[in-house]
Amino acid sequence: MSAVTIAPVKGMNDLLPAEAPRWQFLERVTRELLHAYGYDEMRVPVVEHTDLFKRAIGEYTDVVEKEMYSFTDKGGEALTLRPEATAGMVRAVISNGMLRGARHKLWCVGPMFRHEKPQKGRFRQFHQIDVEAIGFAGPDIDAELIALTAAFWRRLGIGRVTLHLNSLGTAEARRAYREHLTGYLRAHRGDLDEDSLRRLEGNPLRILDSKNPAMQALIAGAPSLPEHLDAESRAHFVELQAMLQALGIGFELNPRLVRGLDYYSRTVFEWTTEALGAQDAVCSGGRYDGLVTQLGGEATPAIGFAMGMERVVALLEQGAAAPPAVAADVFLVAQGEAAARAMLPLAEALRGALPGRRIEANLGGGNFKAQFRRADRSGAPLALVLGEDELTRGVAQLKPLREGAGAPQEISLATAATAVARWFDDQPCGVGEQRP
RNA sequence: GUGGACGUAGCUCAGUGGUAGAGCCCCGGGUUGUGGUCCCGGCCGUCGUGGGUUCGAUCCCCAUCGUCCACCCCA
């Protein structure tokens with residue numbers, strides 16, 4: 001009479017122990033790198049008022065129009081599971097009165113939610129590393145921020161990513177350009193495909209991004225964004241490129257790079273890879289000088305980016321650097337009731353005396369064969385055998401489990417911790433090496 | 001939301017119009033207290049679900065759900 005099993009929610013994945021080390025590696029690199037660049041961690045809620053996202057991301061974007069997990073809570077409030085992090089981060093900076101002339105370099109990691117149809121590299125719950133520099137007009141911060149993303153790839157050992165760069169200009173310049181573009185597109189309305197027709201009024205810049213080959217000729221003939229940049233944005237963009245060159249960071253100018261989120265202005269960038277199929281954007285971001293005001297704060301320039309952790313982890317999997325499997329350091333085995341009872345306190349003592357070492361006690365009984373099998377599978381290089389006879393004499397057997405790791409020796413229970421510590425000290429490096 | 005492929009043991013997969021198998025995993029044994037190799041044995045499935053065709057379906061047909069991939073969108 002087994003009950004019907006409950007399936008996981010579509011597009012939401014379990015992270016199993018086997019995959020955890022890669023995530024931990026990515027998280028560790030993230031912490032260290034952002035620390036090194038002067039960024040501080042901040043944590044914001046996963047749920048926000050729906051209006052926040054409508055105002056920040058734009059009502060007519062796909063994300064807001066059809067991908068948000070929105071609901072009304074018991075108090076009747078319209079809430080949404082965050083589809084991205086920037087809106088919440090900016091909201092938090094405003095809510096907490098952090099603006100007043102101060103500048104902030106902030107980061108945050110966590111789950112985001114978008115109701116999309118899952119496929120390779122795309123999930124309904126996914127995770128982003130989100131980095132925001134608020135109160136900096138650039139272009140120096142733009143360059144530093146992009147250098148930071150490049151450092152990520154270096155530290156993670158990820159190659160085969162390319163940087164695409166563009167400038168959208170100020171909101172005003174963009175508006176003017178948009179007029180030009182819609183004019184041009186309206187004149188060629190007959191050549192537009194279905195998607196493009198839909199975008200024509202709502203978000204015409206996105207048409208430039210179309211992958212439809214039939215649209216390419218039309219797009220090629222369209223008024224180009226770079227030519228309509230305002231003078232200041234152009235200077236900003238030119239300077240940014242010079243700085244990137246000085247940093248030795250290669251990039252491709254991509255005049256058709258338009259972000260799907262409305263809040264971007266001036267610098268936009270995106271790192272793509274060819275290794276992940278259709279979902280090729282691995283990190284993207286840009287400047288959002290107007291967003292703070294849009295959300296009710298005093299005018300403050302800002303720039304940020306988001307990195308898709310699932311996609312980065314997938315890239316990590318393809319690389320050579322497989323993290324070592326997690327292994328125990330010591331496995332305790334006991335024969336007989338009295339020994340089994342003495343084992344737990346001994347394990348506690350060892351854990352207390354040897355912080356950082358993984359000490360596993362055999363749980364659930366079993367004969368020696370079974371217990372040693374477990375010891376072997378735990379990956380421990382060392383077993384500590386508590387037998388009935390030894391127990392009465394106050395000793396235990398220290399038994400190396402791996403080839404060439406020495407012979408078993410008898411040790412006193414009273415000084416077990418020092419004996420274990422010494423055993424590890426005597427090993428050639430690699431055996432039971434402690435991770436930082 | 002649209003399209004395509006695929007759903008058989010925990011995992012990877014064979015297979016047949018007469019209600020199923022392999023390998024791995026797991027458990028036990030190979031001298032009373034010593035693992036990893038080897039040998040022997042054992043456990044495991046409503047063949048995704050519902051309906052139809054048929055004397056009979058895991059196999060054929062339809063629907064449905066799920067997974068994956070692509071479009072779209074984006075990290």
Side-chain angles (χ1 to χ4, degrees), chain A residues 1-2 4-5 7-11 13 16 18 57 61-68 82-86 109-131 149 161 193-196 198-199 203 206 209-213 257-261 269-273 276-286 304-315 331 333-336 339 362 364 366-391 397-403 405 408:
Chain A
M1 41 120 265
S2 63
V4 178
T5 57
V9 177
K10 188 202 260 293
N13 304 122
L16 303 180
I57 301 172
T61 57
D62 282 25
V63 169
V64 169
E65 269 183 342
K66 45 195 186 195
E67 294 173 2
M68 294 211 298
R82 64 178 181 199
E84 59 100 53
T86 302
V109 211
M112 309 295 154
F113 302 85
R114 259 120 100 155
H115 191 98
E116 296 188 273
K117 194 150 169 181
Q119 75 184 62
K120 190 182 179 73
R122 193 170 76 182
F123 312 100
R124 263 106 94 157
Q125 176 178 329
F126 60 101
H127 298 78
Q128 287 186 340
I129 296 161
D130 186 73
V131 179
T149 59
V161 284
D193 64 9
E194 204 181 315
D195 285 325
S196 301
R198 187 167 46 76
R199 292 183 189 130
N203 197 348
R206 302 247 53 221
D209 231 0
S210 172
K211 282 187 200 165
N212 184 351
L257 177 64
V258 175
R259 315 277 35 257
L261 278 35
F269 64 95
E270 181 168 287
W271 287 92
T272 61
T273 173
L276 294 182
Q279 308 305 312
D280 61 355
V282 111
C283 166
S284 63
F305 70 83
M307 200 176 275
M309 296 177 80
E310 280 81 359
R311 293 180 188 179
V312 174
V313 168
L315 250 22
F331 196 97
V333 151
Q335 181 70 5
N362 177 72
N367 57 25
F368 261 28
K369 185 183 175 96
Q371 294 197 42
F372 273 98
R373 196 163 35 223
R374 289 175 193 147
D376 187 53
R377 280 172 201 166
S378 76
L382 192 62
L384 205 51
V385 188
L386 273 172
E388 285 173 317
D389 299 345
E390 289 93 331
L391 191 62
Q397 189 191 61
L398 197 68
K399 182 183 171 168
L401 294 172
R402 306 302 158 200
E403 212 62 51

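Just so we're on the same page: letters track the sequence lines, and every chain starts at 1.
Residue contacts shown for A/Phe123 include a base, since a base heavy atom lies under 4.0 Å away. If you check every strand for non-hydrogen atoms under 4.0 Å, A/Ala306 touches sugar and phosphate atoms only. Note on A/Gly121: a base of the nucleic acid sits closer than 4.0 angstrom, heavy atoms only.
Per the geometry, CG belonging to A/Leu16 stands 16 Å off P belonging to B/rG10, to the nearest Å. Rounding to whole angstrom units, CD of residue A/Glu67 and C1' of B/rC71 are separated by 14 Å. Following rounding to the nearest Å, A/Met68 (CE) and B/rA75 (P) show an atom-to-atom distance of 15 Å. Summarising the geometry, the separation between CG on A/Leu382 and C1' on B/rG35 is reported as 13 Å, rounded to the nearest angstrom. Taking atom NE2 on A/His115 and atom C1' on B/rG1, their separation rounds to 10 Å, with Å as the unit. The distance from atom CG of A/Asp280 to atom P of B/rC72 is 11 Å, rounded to the nearest whole Å. Look at NZ on A/Lys120: it is 7 Å from P on B/rA70, rounded to the nearest Å. Distance A/Lys117 NZ to B/rG3 C1': 8 Å, rounded to the nearest Å.
Counting only heavy atoms from C-beta outward, the side chains of A/Lys10 and A/Lys117 never approach each other to under 4.5 Å.
Using atom C1' as the reference point in both B/rG45 and B/rG36, the two lie 31 Å apart (nearest Å). Taking the P atoms as reference points, B/rG21 lies 16 Å from B/rU46, given to the whole Å. Comparing the P positions of B/rC27 and B/rA75 gives an interatomic distance of 46 Å, to the nearest angstrom. Nucleotides B/rU8 and B/rC13, compared at atom C1', are 9 Å apart to the nearest Å. Nucleotides B/rU19 and B/rC47 place their P atoms 14 Å apart, quoted to the nearest Å. Atom P of B/rA22 sits at a distance of 14 Å from the matching atom of B/rC40, rounded to the whole Å. The same atom, C1', is picked in B/rC59 and in B/rG28; the two are 36 Å apart, to the nearest Å. Atom P of B/rC55 sits at a distance of 23 Å from the matching atom of B/rG50, rounded to the whole Å.
Considering only side-chain N and O atoms, A/Gln119 lies nowhere under 4.0 angstrom from the phosphate OP1 or OP2 of B/rC68. Distances shown here put every side-chain N or O of A/Arg377 at or beyond 4.0 Å from the OP1 or OP2 atom of B/rC25. Here A/Arg122 does not reach the OP1 or OP2 of B/rC69: none of its side-chain N or O atoms lies under 4.0 Å away.
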Kindly determine whether A/Thr272 and A/Val161 satisfy side chain to side chain contact (heavy atoms under 4.5 Å, CB included), including the steps that lead there.
CA-CA 5 Å; A/Thr272 61; A/Val161 284; over 6 Å; no
Starting from the C-alpha separation in whole Å, work towards a yes-or-no answer on side chain to side chain contact (heavy atoms under 4.5 Å, CB included) for A/Phe126 and A/Arg114.
CA-CA 8 Å; A/Phe126 60 101; A/Arg114 259 120 100 155; 3.7 Å; yes
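Between A/Phe123 and A/Asn13 the shortest heavy-atom distance is CD2-OD1, 3.1 Å. Closest approach of A/Leu257 and A/Phe269 over heavy atoms only: CD2-CA, 3.9 Å. Between A/Val109 and A/Met309, the shortest heavy-atom distance links the atoms CG1-SD, 3.2 Å. A/Gln125 and A/Pro111 get closest at one heavy-atom pair: NE2-CB, 3.5 Å. Between A/Gln371 and A/Gln335, the shortest heavy-atom distance links the atoms NE2-OE1, 4.3 Å.
Among the nucleotides B/rG35, B/rA70, B/rA75, the one closest to the side chain of A/Arg402 is B/rG35. When the nucleotides B/rG1, B/rC69, B/rU67 are ranked by their closest atom to the side chain of A/Lys10, B/rU67 comes out on top.
A donor-acceptor pair under 3.5 Å links the side-chain atoms of A/Arg311 to the main chain of A/Gly121, judged by distance alone. At least one donor-acceptor pair under 3.5 Å links the side chain of A/Arg124 to the backbone N or O of A/Glu116. Looking only at distances, a side-chain donor or acceptor of A/Glu310 sits under 3.5 Å from a matching main-chain atom of A/His127.
When the nearest nucleotides of RNA chain B are assigned to A/Gly308 and A/Pro8 by heavy-atom distance, the more 5′-ward of the two goes with A/Pro8.
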Dot-bracket notation for RNA chain B is requested: 5' to 3', Watson-Crick or G-U wobble pairs only, both distances under 3.5 Å, with ( ), [ ], | and . as defined.
(((((((..((((....[..)))).(((((.......))))).....(((((..]....))))))))))))....
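A donor and an acceptor atom sit less than 3.5 Å apart, one in the side chain of A/Asp376 and one in the base of B/rG35.
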Expected string for nucleotides 29-34 of chain B under the B/S/- scheme (protein heavy atoms, under 4.0 Å, primed atoms plus P, OP1, OP2 as sugar-phosphate) is SB--BB
